[in-house]
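There's a structure below that I have some questions on.
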Amino acid sequence: MALAIGSPSPERRARPRLWLVFAAVGVAGFALTLAGLAFVRVYDNQLIRQTESELIAQGAVIAEVFRERLRDAEPRDDHGRERTAPWPFPLPDDTRLRPILPSLRASDATLPSGGTPQPSRVPAEPLAHAAGLRLTPLLEQVRAATLAGIRVVDPEGVVVASSSASLLGTTLADRTEVQRALRGEPVSVLRRRVAEPEDTPLASLSRDTGIRVSVALPVLDGERVWGAVVLTRTPMTFAKATYADRWNLTATGFVLLGVVALMSLAAAALVGRPVRALMRQTRAIALSDPSGFEPVARPVVAELAELSESLAGMATALRDRNQYIRSFAANVSHEFKTPLASIQGAVELLRDSADAMSPEQRARFLANVDADARRLTRLVQRLLELARADSMTATPAQVALGPLLEGLALRARAEGALDIHVTPPPAGLTMGLPQEVLDDVLWQLVTNARQHGGDTVRVDLSVEQAPEADLVRVVVKDSGRGISEANRARIFDAFFTTARARGGTGLGLTIAQSMLRAFNARLELLPSATGTTFAVVAPVRGLQRK
């Protein structure tokens, strides 16, 4: 069964709002972008720290070898410098351990390249120089395997051992990391690197990047600094690392592409499919196809579900209104046809045979024409009342029931209905209807009772609490002959009346029901052993429609 306009589906399920769908897609896209940027940054950091870790490991071994070579020369107790810098990394409980941890990041400040080391103005410390000469061949072999530049300096910063023999006797004392290392502190810094012409192919061994990792480790003997080991190496670039890991990254890219495709399909299912279903529903409504009067099944998104329900309700209301108009037009045509045919027949008889008629016959025909014309006038008036009842607008209103019922009884007695009784309602009880609407409806019921039962019929007016919460009903009971079971089902149909001969139009109850429906109220025909009982049921508080 199709729904009323704007009414919710009987099966209410939690559905995401349209803004939530778009927000989820946007957040997912933003998260993927952010994850990609974070991956690049983390990858850069990882490449730099990997190079730093490698240099620290090499430097620690070389520092230990250099220290042992110096020990073989039996230096004095005051050899080198006193260690003044604190250890920059947390020390474990075991005092024999001095961990050196990688700490560089891609966002750290980059120092100048430092240029080519200059020859030292002071000679190298003799013991360090002798130990360095023995160490240089080893450093050259290490450089051939690791491609790292390695320098060993004495306590004054003079190079005494190097992976490049041309740098022996130069000084690195002007470099920050060397100065800090000679105070007993392991240091890692980033320095700019001047690109070399051969650094071009991605598959080449050269790491074509604009920075160089420099690690300076002190050579310690207790609390004395006997020199420092300085190592430099360019980290792997992101491009080269990506090229080296291209197959794994390609597989990851396909996975991400699949995720994006699934997100797109999910968005299409959440939005695209219901929209296409709505398009089919509107086409079905235009063609009066029954499928257009049912909401879309499983629309997923809340706004689209509400839109589909509203379209189904609107189509149902338009269909019902169209059927009502057709039925109403047929009834109006029927109601107008009989008096018009009677008027037309009387006019033809008077026109053709007026001279042959007696005055009494002419008067009878003219009376019939007048009666039919009056009936047509009443029909037009009642139709206008029905149209006004169907086109009211709402404002808040309520009416006190006690004074209204007493005033209605006085009016009925003044019109000749002497046997009318009112059971006083509770003091202050109100009903959510405008006074003129409730008065018109109750007067219609009293008039109907007199019309069908005569002036001697007894009419009782009372107020009861309706079974529904916050509803009250005004009961109008008469002692007439009642309504047959066959007629009870048609009592609210337009133009249905059993008092047509007495001028009934069959629109009174239809107009009353239409007026009450505008205020969420209704007119009910209640079971009754004798006579007829009607009830006006309305909220205690309600809306007024004008």
Side-chain angles (χ1 to χ4, degrees), residues 55-56 58-88 98 100 109-143 146 148-194 212-233:
L55 295 179
I56 289 173
Q58 296 174 40
V61 174
I62 294 170
E64 184 61 24
V65 172
F66 182 68
R67 186 173 68 88
E68 291 299 322
R69 296 286 173 88
L70 280 176
R71 274 188 175 179
D72 292 343
E74 298 181 354
R76 300 193 311 270
D77 292 341
D78 60 348
H79 180 77
R81 299 184 177 190
E82 183 179 357
R83 179 172 172 267
T84 58
W87 198 256
R98 291 188 181 222
I100 303 175
T110 304
L111 302 179
S113 64
T116 303
Q118 299 299 313
S120 175
R121 295 181 180 179
V122 297
E125 197 278 325
L127 294 181
H129 178 68
L133 290 178
R134 295 165 57 196
L135 188 61
T136 295
L138 175 63
L139 298 186
E140 291 176 346
Q141 294 177 7
V142 172
R143 177 179 181 274
T146 65
I150 308 172
R151 318 283 183 264
V152 178
V153 299
D154 67 6
E156 300 301 324
V158 179
V159 178
V160 295
S162 174
S163 57
S164 298
S166 61
L167 297 180
L168 292 174
T170 60
T171 180
L172 300 179
D174 58 339
R175 300 193 179 186
T176 303
E177 63 270 29
V178 175
Q179 296 171 2
R180 294 171 60 184
L182 292 176
R183 292 196 296 267
E185 176 186 359
V187 181
S188 299
V189 297
L190 295 178
R191 286 191 174 276
R192 292 193 185 94
R193 172 181 177 271
V194 178
R212 189 187 298 272
V213 176
S214 179
V215 174
L217 304 180
V219 179
L220 297 174
D221 185 73
E223 293 301 315
R224 304 293 296 181
V225 180
W226 285 0
V229 179
V230 182
L231 304 97
T232 59
R233 178 76 167 100

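Values below: all heavy atoms of this structure, side chains included; hydrogens, waters and symmetry mates excluded.
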Subject >> Partner residues of H129 under the ring-ring contact (aromatic ring centres under 6.0 Å, His included) criterion, sequence neighbours left out >> reply: none
Original post:
In Å and rounded to the nearest 0.5 Å, what is the CD1 to CG distance from I62 to L217?
Top reply: 9.0 Å
Subject >> For F66 against A128, the heavy-atom pair lying closest together >> reply: CE1-O, 3.8 Å
Original post:
When you measure from the side chain of R191 to the backbone N and O of P112, does any donor-acceptor pair fall under 3.5 Å?
Top reply: yes
**OP:** Could you tell me whether the side chains of S214 and R233 share a donor-acceptor contact shorter than 3.5 Å?
**Re:** no
Original post:
Hey, are the side chains of R224 and D78 touching, using non-hydrogen atoms and a 4.5 Å cut-off?
Top reply: yes
**OP:** May I ask you to test the V230-V215 pair for a side-chain heavy-atom distance under 4.5 Å?
**Re:** no
**OP:** Please round to the nearest 0.5 Å and tell me the distance separating atom CZ of R98 and atom CD1 of I100.
**Re:** 9.5 Å
Subject >> Donor-acceptor contact below 3.5 Å, side chain R193 vs main chain R212 >> reply: no
Original post:
With sequence neighbours left out, what residues match A161 under side-chain contact (heavy atoms from CB on, under 4.5 Å)?
Top reply: L135, T136, L139, V152
**OP:** Please list all pairs passing the side chain to side chain donor-acceptor pair (under 3.5 Å) test where one or both residues lie in residues 58-74, with sequence neighbours left out.
**Re:** Q58-T146, E64-R67, R67-D221, R71-D221
Subject >> Nearest non-hydrogen partners of L70 and A131, listed with the distance >> reply: CD2-CB, 4.0 Å
Original post:
Under the side chain to side chain donor-acceptor pair (under 3.5 Å) rule, what pairs show up with a residue in residues 110-125, not counting sequence neighbours?
Top reply: none
Original post:
With sequence neighbours excluded, what pairs up with A85 under the side-chain contact (heavy atoms from CB on, under 4.5 Å) test?
Top reply: R183, E185
**OP:** Kindly compute the distance separating OG1 (T232) from CZ (R175), expressed to the nearest 0.5 Å.
**Re:** 8.0 Å
Original post:
Going through the checks in order, is the side-chain contact (heavy atoms from CB on, under 4.5 Å) test met by V213 and L190?
Top reply: CA-CA 5 Å; V213 176; L190 295 178; 3.8 Å; yes
Original post:
Mind checking what makes side-chain contact (heavy atoms from CB on, under 4.5 Å) contact with A173, not counting sequence neighbours?
Top reply: T171
**OP:** Mind checking the CD1-CZ spacing from I150 to R143? Nearest 0.5 Å is all I need.
**Re:** 9.0 Å
Original post:
Counting only heavy atoms not in D77, do more than 12 fall under 6.0 Å of its CG?
Top reply: no
**OP:** Return the minimal non-hydrogen interatomic distance between A181 and V225, and the atom names on each side.
**Re:** O-CG1, 4.0 Å
**OP:** Please report the C-alpha distance between S164 and E140 in whole Å, then the side-chain angles of each, then the deciding distance to 0.1 Å, and finally whether the side-chain contact (heavy atoms from CB on, under 4.5 Å) criterion is met.
**Re:** CA-CA 7 Å; S164 298; E140 291 176 346; over 6 Å; no
Original post:
What are the two closest heavy atoms between G80 and W226, and how far apart are they?
Top reply: CA-CD1, 4.3 Å
Subject >> Separation of E156 CD from L172 CG (nearest 0.5 Å) >> reply: 13.0 Å
Subject >> V160/V153 under side-chain contact (heavy atoms from CB on, under 4.5 Å): CA gap, chis, key distance, verdict >> reply: CA-CA 5 Å; V160 295; V153 299; 5.9 Å; no
**OP:** Check A63 against P218 and note the closest heavy-atom contact, atom names and distance.
**Re:** CB-O, 4.3 Å
Subject >> Shortest non-hydrogen separation from A73 to L127 and the atoms involved >> reply: CB-CD2, 3.7 Å
